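Given the structure is predicted, the values throughout are model-derived calculations rather than measurements.
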Amino acid sequence: SIENRYEKLDFILDDNSKGFIMPPLTWRTFRNMTPETILLVLASTNYDHDDYISDYEKFIKDYM
């Protein structure tokens, strides 16, 4: 599921031809992943841990 200040949506990605683009300032939750699941992330910049919020309560307080 994804959540931002405008909406909360659930996606079922049950086919390897499915995917979605996640906009900035969006909280995401992955559930029901099998051991065979592969999660591929494509980004326009290198990963920097300091650029991400990993605490849901902080996300809600600061961005919702």
Side-chain angles (χ1 to χ4, degrees):
S1 65
I2 63 169
E3 179 178 352
N4 60 34
R5 67 176 53 171
Y6 307 108
E7 60 192 343
K8 184 173 185 175
L9 301 170
D10 288 324
F11 293 92
I12 298 174
L13 302 175
D14 58 355
D15 184 300
N16 65 2
S17 66
K18 293 182 180 180
F20 67 89
I21 297 173
M22 192 169 66
L25 300 177
T26 302
W27 187 262
R28 54 89 189 119
T29 303
F30 300 110
R31 295 179 298 200
N32 302 325
M33 296 173 64
T34 66
E36 298 82 26
T37 299
I38 297 172
L39 177 64
L40 173 65
V41 177
L42 303 175
S44 59
T45 60
N46 290 333
Y47 174 77
D48 181 353
H49 182 270
D50 294 332
D51 285 343
Y52 292 84
I53 299 170
S54 56
D55 181 278
Y56 182 71
E57 297 303 321
K58 179 174 174 41
F59 172 76
I60 294 296
K61 183 179 134 235
D62 293 348
Y63 297 103
M64 296 295 273

| note | Between the CD atom in E57 and the CG atom in D55, the distance rounded to the nearest 0.5 Å is 6.5 Å
| V41-M33 co-clustered via ILVMFWY side chain contacts under 4.5 Å | yes
| message | I need the Y63 OH to T26 OG1 distance, nearest 0.5 Å. | response | 12.0 Å
| All side-chain contact (heavy atoms from CB on, under 4.5 Å) counterparts of D14, not counting sequence neighbours | I12, K18
| Spacing of NE2 belonging to H49 relative to CG belonging to D51, to within rounding of 0.5 Å | 10.5 Å
| note | Apart from I2 itself, members of its ILVMFWY cluster (side-chain separation under 4.5 Å) are L9, F11, L13, F20, M22
| task | Starting at NZ of K61, measure out to OH of Y56 and round the result to the nearest 0.5 Å. | result | 14.5 Å
| Atom pair OH (Y47) and OH (Y52), whose distance is rounded to the nearest 0.5 Å | 7.0 Å
| Would you say the side chain of E3 lies within less than 4.5 Å of the side chain of T29, judging by non-hydrogen atoms? | no
| query | With D10, which residues qualify under side-chain contact (heavy atoms from CB on, under 4.5 Å), at least two apart? | reply | S1, R31
